[in-house]
> 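Sharing a structure below in structure tokens format, with a few things to ask.
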Amino acid sequence: MSGEGAAFGPLLRELRLAASQTIEGLAEASGVSVRGIGDLERGRRAAPQRRTVAALADGLGLDAALRERLLAAARAGRAPGYSPVGVRAFPRGIDDFVGREPQLTLLAELAERRDAVQPVVAAVSGPPGAGKTTLALHAARALADRFPDGQLVVDLCGTDDEPPGPSELVLRVLKALRVADRDLAQAGPEGQPALYRRVLAERRCLLVLDDARDEAQVRPLLPAAGAAMVVVTSRRMLTGLESVHRLPLGELSPAEAAAFLTALVGAERAAADPDAVADVADRCGHLPLALRVAGNWLATRSGWTVRRLADRLAAEDRRLDALTAGDVRVAAAFDLSYRQLTPAAARLFRRLALLPGPDTGAAGAARLTGQALFDAEDTLEELVETGLLGAYGERYRLHDLLRLYARTRLAAEESAPDAVRARTALYDWLLGTTVVAGRWFEPDHGAPPADWDGAVDLSSADRARAWLQAEGANWLAALRAAAAGGAHATVVEVAEALHWFSDQWIFWGHWPEVFGTAARSARELGDPLLEATHLNYHAWALLTCEGRPHDSLERSAEALEAARRAGDVRQDAWAHIYRGLAFGRLDDHVPAADHMHRAVTLFEAAGDLHGSLQARHGRALILMDSGRPEEALVVYEETLAFLERVQDRLAPHIAQFSRGGMHSGMGSCNALMERWTDAVEHHRRAMAIWRSSGNTAMESRQLVHLGDTLLSAGRRTEAREAFARCVGLGPDADPQRVAAARDTLARLDTP
């Protein structure tokens with residue numbers, strides 16, 4: 001027989017003839033196709049994988065020595081130098097690679113599907129500069145050994161004005177795979193697509209189709225059969241492609257972005273100022289292209305500190321210009337996608353820069369352009385499809401750098417008056433909708449009027465709450481603009497509509513600003529009743545949201561004085577409530593009880609059931625805080641009975657909120673008296689109320705009360721469950737209670 005170094009094809013043929021087998025006979029014995037065996041013997045196909053070699057060896061009945069020779073020839077045939085095209089010909093720029101572990105893992109898993117009936121296709125999509133090509137090339141290099149018949153990168157030039165068509169690309173791939181010119185000529189242009197499919201069906205190749213323009217360009221390049229793998233990269237999501245594994249890319253995590261910069265500028269330089277590294281990463285929006293530009297800039301300017309570049313990038317109006325390194329500009333990458341938009345999509349993209357908050361819904365986008373809602377949704381989806389806009393549920397968000405780019409296009413292509421009109425239309429709609437949504441929670445209001453048409457679904461209190469929270473940053477900016485522009489009546493109207501809603505979202509972080517702004521606007525309007533009302537709201541926010549009892553006392557004193565000037569009993573009573581609560585927080589229980597008693601008397605004289613309920617509740621709370629739990633429990637029970645008598649005349653959510661607070665207080669009273677069973681029962685009732693109403697802040701508080709009570713009762717396992725649930729509630733929880741729960745869990749987990 002031939003020497004030990006025989007190539008796989010000739011060796012396979014020699015062994016087959018020695019076994020007196022035809023190709024057809026070996027195919028039947030091994031399960032390998034006749035065409036496959038013929039191509040292997042003639043060298044038209046690189047050596048197969050181990051599983052195929054084992055099948056051929058079994059079909060030939062080889063002994064151990066000959067089986068090992070055949071395997072050795074296969075391994076030699078799979079060496080990098082054998083492949084007609086391979087990773088050695090890939091472009092540079094994939095060594096400094098960070099992150100993307102889930103995507104790399106998925107691609108590796110897909111590559112392992114060796115017995116697939118049809119080729120595996122993965123589509124990598126994302127915004128400009130997300131590192132799609134780098135990921136695909138990095139994965140291709142890691143997976144190269146699994147595709148011995150070649151690894152090929154084809155630039156589809158999808159962002160060019162006139163990208164190559166499918167027929168040109170098919171011919172390019174066939175030539176790269178070294179299909180003979182004779183076969184190409186024989187097939188001709190009409191037969192080359194079929195030849196393309198046949199060649200890829202017979203070879204285990206990895207094909208990277210980079211920078212695809214759209215589905216029409218890609219679809220003819222996807223093989224229909226065989227063991228090939230295709231990785232497509234595109235700024236578009238290529239939604240129309242079927243049977244595709246999708247890998248959307250966004251920005252890197254903060255830690256990954258910092259690691260990427262460190263790799264570019266050097267560990268020693270980065271370690272000298274890690275805060276500056278984090279600032280540069282943040283100002284690059286953790287986008288790989290921007291990070292690479294920033295890293296290259298620093299790498300070529302050894303005299304610069306990282307902090308100097310961070311400061312240079314701090315100015316938003318110059319940031320995109322600063323993110324330029326030689327002939328690489330971040331803005332140029334955005335240009336390529338922007339110029340492919342339809343006029344309607346380009347206009348909306350520009351105007352999204354006017355959004356004050358991080359994201360918007362379709363109705364807000366429609367106000368920016370004057371489009372009908374359904375048209376705006378279609379335009380938003382075009383932006384999502386092209387990678388210029390992110391979609392998160394029903395919300396749409398521009399990447400930070402794309403927002404800056406949109407701002408430059410807005411300034412270049414639209415007049416300042418047009419931009420002002422678009423922003424004004426958005427802000428007017430935001431504030432008007434905020435009033436309607438907030439009034440769901442106000443007594444004597446509820447659902448929107450029948451003739452209201454605000455383009456969003458506010459058909460229930462839950463939907464109204466969801467909209468107010470999702471659009472919080474946007475309507476807050478609109479409120480600030482109204483105050484700055486002297487629209488004081490609008491400011492007061494919006495704040496008034498949000499008064500009772502604020503209990504549903506206590507730790508949002510901006511209620512002191514909202515109600516403080518409204519109090520100043522009320523003063524500007526010269527209306528002492530409005531001033532007293534919003535000073536009282538401000539006193540509540542300072543005390544409840546920020547824990548500032550001294551400042552709250554100042555506001556409630558001002559509210560008391562304004563209420564007396566206005567001659568309004570109700571606001572006089574509310575001022576006493578907030579003064580009583582603030583004194584109670586300061587452990588000054590005598591004036592606290594006195595103010596709460598006055599509030600009860602005034603509310604009952606005015607016939608204000610909502611206020612009377614809160615004042616009665618406040619009396620019980622002050623008794624408990626002053627160390628008189630038995631008396632407090634009696635008042636709680638009386639107040640709960642009062643609530644049951646008048647609940648049909650109360651706003652349902654106010655009744656529910658009050659009931660939750662009273663069960664919580666009754667639980668705490670029982671705990672102070674070591675009546676653990678009753679204490680746990682009341683705390684669980686309160687927790688169920690907060691959860692059913694979607695009030696995460698109050699639920700977090702209640703879980704800590706419950707956990708503390710369970711610990712005191714010796715029920716450690718149940719207590720741990722309560723604290724763990726508190727920690728997992730998310731950003732709308734009371735941050736202080738979450739921190740307390742986390743600390744308690746750490747102590748419980750310490751042996």
> Go through it in stages, so that I can follow the logic: the residues are Asp160 and Arg213, the test is salt bridge (Lys or Arg N to Asp or Glu O under 4.0 Å), and I'd like the CA-CA distance, side-chain angles, deciding distance and then a yes or no.
CA-CA 9 Å; Asp160 287 2; Arg213 185 181 188 89; over 6 Å; no
> Let's go through Glu385 and Thr239 carefully: what are the C-alpha distance in whole Å and the side-chain angles of both, what is the deciding distance for side chain to side chain donor-acceptor pair (under 3.5 Å) to 0.1 Å, and is it a yes or a no?
CA-CA 8 Å; Glu385 181 69 25; Thr239 308; 2.5 Å; yes
> For Cys284, does its backbone N or O pair with a side-chain atom of Arg319 as donor and acceptor, under 3.5 Å?
no
> Taking atom types as modelled, is there a side-chain donor on Arg350 or Tyr405 under 3.5 Å from an acceptor on the other?
no
> Side chains of Val330 and Thr324: does their closest heavy-atom pair fall under 4.5 Å?
no
> List, one per line, each side-chain donor-acceptor pair under 3.5 Å for residues 422-429, sequence neighbours excluded.
unit_1 : atom_1 : unit_2 : atom_2 : d
Thr424 : OG1    : Val420 : O      : 2.8
Trp429 : NE1    : Thr433 : OG1    : 3.3
Trp429 : NE1    : Gly454 : O      : 2.9

> Quick one: are Leu174 and Leu195 in side-chain contact, heavy atoms under 4.5 Å?
yes
> Just checking, any donor-acceptor pair under 3.5 angstrom between side chains of Glu471 and Asn474?
yes
> Take a 6.0 Å sphere around CD of Glu394 and say whether it holds more than 12 heavy atoms from other residues, nucleotides or ligands.
no
> Hey, which of Arg407, Arg403, Arg283 is the one that makes side-chain hydrogen bond (donor to acceptor under 3.5 Å, both in side chains) with Glu316?
Arg407
> Within this structure, what is the CZ-NE2 distance for the pair Phe260 and His286, rounded to the nearest 0.5 Å?
13.0 Å
> Please report, to 0.1 Å, the donor-acceptor pairs under 3.5 Å made by any side chain of residues 362-369, with sequence neighbours excluded.
unit_1 : atom_1 : unit_2 : atom_2 : d
Thr369 : OG1    : Gln371 : N      : 3.4
Thr369 : OG1    : Gln371 : OE1    : 3.0

> Quick one: pull up CG in Leu298 and CG in Leu309 and give me the separation to the nearest 0.5 Å.
4.5 Å
> Taking the side chain as everything from C-beta on, heavy atoms only, tell me whether Asp161 gets closer than 4.5 Å to Arg339.
yes
> Which pairs with one or both residues in residues 256-272 pass side-chain hydrogen bond (donor to acceptor under 3.5 Å, both in side chains), sequence neighbours excluded?
Ser253-Glu256
> Can a salt bridge be assigned to the pair Arg397 and Asp359 using a cut-off of 4.0 Å between side-chain N and carboxylate O?
no
> Do Leu169 and Gln217 make a side-chain contact, defined as non-hydrogen atoms from C-beta onward lying under 4.5 Å apart?
yes
> Determine, stepwise, if the pair Trp475 / Leu468 fulfils side chain to side chain contact (heavy atoms under 4.5 Å, CB included).
CA-CA 8 Å; Trp475 64 250; Leu468 287 167; 4.0 Å; yes
> Taking atom types as modelled, find out whether Gln340 and Thr159 have a side-chain donor-acceptor pair closer than 3.5 angstrom.
no
> Determine whether the side chains of Glu381 and Tyr396 contain a donor N or O and an acceptor N or O closer than 3.5 Å.
yes
> Rounded to the nearest 0.5 Å, what separation is found between the CD atom of Glu162 and the SG atom of Cys157?
12.0 Å
> For the residue pair Trp508 and Trp505, categorise the inter-ring angle as parallel (less than 30°), tilted (30 to 60°) or perpendicular (more than 60°).
parallel
> Side chains of Pro119 and Leu222: closer than 4.5 Å at any heavy-atom pair?
no
> Checking the side chain of Arg198 only, and the main-chain atoms of Pro193 only, is there a donor and an acceptor separated by less than 3.5 Å?
no
> Please check if the number of heavy atoms outside Arg246 that lie under 6.0 Å from its CZ is greater than 12.
yes
> Strictly by modelled atom types, are Glu382 and Thr342 linked by a side-chain donor-acceptor pair under 3.5 Å?
yes
> For Arg301, look at atom CZ and say whether over 12 heavy atoms of other residues, nucleotides or ligands are found less than 6.0 Å away.
yes
> If you round to the nearest 0.5 Å, how far is CG of Leu209 from OG1 of Thr233?
8.0 Å
> Does Arg351 pair with Glu414 as a salt bridge, N-O distance under 4.0 Å?
yes
> Might you point out which heavy atoms bring Ala322 and Arg312 nearest each other, and give the distance in Å?
CB-NE, 3.7 Å
> Between the side chains of Asp418 and Arg421, is the shortest nitrogen-to-carboxylate-oxygen separation below 4.0 Å, so that they form an ion pair?
yes
> Hey, is OH on Tyr392 packed in by over 12 heavy atoms from elsewhere, all under 6.0 Å?
yes
> Is any side-chain heavy atom of Trp297 less than 4.5 Å from a side-chain heavy atom of Val293?
no
> Do the side chains of Val153 and Leu137 get nearer than 4.5 Å, heavy atoms only?
yes
> Heavy atoms, side chains only, cut-off 4.5 Å: are Arg480 and Leu476 in contact?
yes
